[in-house]
Each structure stands twice: as C-alpha cells, then as structure tokens.
Number of protein chains: 2
Amino acid sequence: MKLLLDNQVCFDVHAASRALDGLYRALLRDLGLTYPQYLAMMVLWEREPVTVKELGAALRLDSGTLSPLLKRLEAAGLVRRERSAADERSVLVRLTPDGAALSSRAEQVPDRLLAATGLDVEELAAFRGTLRRLTAAVDEAALAVRRAE
Amino acid sequence: MKLLLDNQVCFDVHAASRALDGLYRALLRDLGLTYPQYLAMMVLWEREPVTVKELGAALRLDSGTLSPLLKRLEAAGLVRRERSAADERSVLVRLTPDGAALSSRAEQVPDRLLAATGLDVEELAAFRGTLRRLTAAVDEAALAVRRAE
DNA sequence: TACATTTTGATTGTGCACAACTTAATTGGT
DNA sequence: ACCAATTAAGTTGTGCACAATCAAAATGTA
C-alpha cells in the first residue's frame, strides 16, 4: 500500500525528534530546564538582552509559545522581563545572576548529547545538510498549500 | 562557544519535525485530521482491529497520548472502541464505515508530501538510515542516563 | 495633525507528548 | 486455591506548539 512510503520519512523525523527530546529531558533534569527552555537560555547566554521577537526568530517560535515559556523561566528566577524604553511594544529579556550562572552547569550537555547520537563528523555534516534543505523545502511547500486555499 | 554545535543537530531535527507537522496540518486540514491522528488511521487502514497497546507500539506512543487521541477520533465518528472479549484489559479499536472511507481521500497525501521534501530516492534512503540509527542510539543513551540516576 | 496600517506581545483554545498514578484484569508461584 | 506481581488503559498535571484574536504602541500617509 502506498500509504507506508511517505510516512516513514516523516515518521522517522518525528520519532527522532521525540527521542532527542527524551534524552534532553534526562540530561536537563537536574538543571530544571526543558529542551525548549534550554534553547531559549542558550540564546540568552550568547547575547543579552534579547526581545521576544528576536528570540522567536532564532528559535522559530511565536509568542504563543514563548510568552508562557518565558513566564516559567521568570518564575524560576532565571530570567527577567521588562518593556523596552525605546519601543514600548518590545519586551527585553535578560538573565538574572542565577540564569547566567546556570550556563556553567549546562556546559557538559552538548558533548554528552553529541556522543549519544553516535554519528561521526562527516555523517553529521551530511545529515544536517539534508535536514536543512528538507526543512526549507517543506516550509516552502506549506506556504504554497496555504496560498492555494 | 561550545553550546552552539550540538544544538544545531538537535535543533535541526526539531525544526524539521515542526516544519513537517505544519505541512501535514495544511494537507490534512480538509480531512479533519491532525498528523498523529493520521498516523493512527494509517495503522488502522492496514490492519484491524488493533489494540491500544499495538497502536502504541507501532507509533511509539503511550496510553496517555493515545487515549484522548482515540477518544477524539471516536467523537469524529471515524473509530469505534470496545473491550476485548478474550482479555478484558485490552481495548480493540476498529474503523467505522466513515473511517474506512476516509482512506481514499488520504491517498494523495503521501505523494504530495514526498514531493514537498525535494529529496531524491537515494538521498532519502541515506537520510532515513541516519535517522533510524540516530533514534536508536539516542533512545539507548536516554535509557543509560535513567539507569545511572 | 489625524487616521489607517503595521508591529509587538499577550491571551485563549485545541491538541500532542510524557511522567506519575489509579484501576481492573490476568498471570505466576507456592 | 490464594495472593503477589504484572499488564492494559485511563486519568491528571505539566509543558510545548500553533491558530486566531486582541490591545497597545509605533509608523506612514493624506
């Protein structure tokens, strides 16, 4: 039956995503972070302050996802939010001292995760290349479908 | 900074998964199905009846996800659930006539999706191979982490 | 300047995913 | 035959993701 073929590619991506999420869940457990929260913190550990819009652009997430996520990070004392003085529509997100300090405890996560994938450098590069092209092509196709309706 | 490198692989998988989900959302819109619901229906279009456990094994989902999902499919009139006579713990899931009929309307989805990925056959094969090995390795690593704690 | 448009973020509602727990049915060991 | 352990589903609670909608601020143009 035809319905199996396509499915696998997409299902495999879906399954891989959930598997990675599960590993992150285990690795980030004692940091008190989820994977999406960890992603947001990584952006902040690099540059700060950042507006919600910038964060959304970096992570490809909208405010419907980020607003509650940032609220939880704020409740955990890792982050502080304030309206920009220059543009009152924007909200600037900053690290608290606790949030900044957490980065040292997160340092080992990347290595452990990379090791867990079991992929070597060149395989990784090819894989990521395919992933990026896939994502771009699929995003484009989704736009085309929406336009057609 | 070290925190970027690993991130990309995982983030790329995450992003690809969400992109595919978005395309499915568009393609399945007029069928009234979400992507996970579509996956469940595909299993049922192949073999029937199926227990919740079997469905969970096929989709790698637990009852906490499947129970409400199946309840929605039942509410939509696509599926019927009944306790197994042989083993009262099990619930058998069957298609209704409407549910069975829906498969014909879903036939075009795979082709459209495969085309949207923009991948050729051999690239697809290599990609899926990497995905499978990645998932297996990561699942294994997650188990190891849990055992160590 | 006045007003329509755009931008930014928040909110609401729906659905997926998983951990932890509960209940009922079955199985296995004694 | 009895009781402990296991198994199958369901339930609850938390969090992510996104569509749709809204309010407030900024921008552009008549």
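Predicted, not measured: the structure shown is a model, and the values here were computed from it. Quick note on labels: first sequence line is chain A, next is B, and so on, each numbered from 1.
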[X] has a side chain; which of [options] sits nearest to it?
X	options	answer
B:Arg89	D:dA17, D:dG10, C:dT26	C:dT26
A:Thr65	D:dA17, C:dC18, D:dA9	D:dA17
A:Leu61	D:dG10, D:dC18, C:dC18	D:dC18
B:Glu88	C:dG9, C:dT26, D:dA17	C:dT26
A:Ser63	D:dG10, C:dT26, C:dA10	C:dA10
B:Asp87	D:dA17, D:dA26, C:dT26	C:dT26

message: With salt bridge (Lys or Arg N to Asp or Glu O under 4.0 Å) as the criterion, how do A:Arg133 and B:Glu123 come out once you've worked through the C-alpha distance, each side chain's angles and the decisive distance to 0.1 Å?
response: CA-CA 12 Å; A:Arg133 276 184 299 116; B:Glu123 191 169 26; 2.3 Å; yes
Send over the distance from [X] [atom1] to [N] [atom2], rounded to a whole Å.
X	N	atom1	atom2	value
A:Leu39	D:dA17	CG	P	8 Å
B:Leu66	D:dG10	CG	C1'	12 Å
B:Asp21	D:dC18	CG	C1'	9 Å
A:Arg81	C:dT8	CZ	C1'	13 Å
B:Arg29	D:dA19	CZ	C1'	8 Å
B:Lys53	C:dA25	NZ	C1'	14 Å
B:Arg25	D:dA17	CZ	C1'	7 Å
B:Leu59	C:dG15	CG	P	18 Å

Examine [N]: is either OP1 or OP2 under 4.0 Å from a nitrogen or oxygen in the side chain of [X]? Give yes or no.
X	N	answer
B:Lys71	D:dT11	yes
B:Arg146	C:dC18	no
B:Thr51	D:dA9	yes

- request: Using the closest heavy atom to pick a nucleotide of DNA chain C for each, name whichever of A:Ala19 or A:Leu92 lands nearer the 5' end.
  value: A:Leu92
field: Contact nearer the 5' end of DNA chain C, comparing A:Gly64 with B:Gly64
entry: A:Gly64
field: Side chain B:Ser90 and base D:dA8 donor-acceptor under 3.5 Å
entry: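 Not at all, since no donor on one side and acceptor on the other fall under 3.5 Å apart.
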message: Does A:Ser67 contact C:dG9 through a side-chain donor or acceptor facing the base, at a distance under 3.5 Å?
response: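 No, no donor-acceptor pair under 3.5 Å.
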query: When you look at CZ of B:Arg60, are more than 12 heavy atoms from neighbouring residues, nucleotides or ligands closer to it than 6.0 Å?
result: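 Open: at most 12 neighbouring heavy atoms sit under 6.0 Å from CZ of B:Arg60.
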- prompt: If you draw a 6.0 Å radius around CZ in B:Arg29, do more than 12 non-hydrogen atoms from other residues or ligands fall strictly inside?
  reply: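 Atom CZ in B:Arg29 is not packed in, count stays at 12 or less.
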- prompt: What is the ring orientation for B:Trp45 with B:Tyr38, classed by angle as parallel under 30°, tilted 30 to 60°, or perpendicular over 60°?
  reply: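 It falls in the perpendicular class, over 60°.
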field: Electrostatic pair B:Glu74:B:Arg81 at N-O distance under 4.0 angstrom
entry: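 Yes, this pair counts.
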query: Under 4.0 Å between a Lys/Arg side-chain N and an Asp/Glu carboxylate O for A:Arg80 and A:Glu82?
result: yes
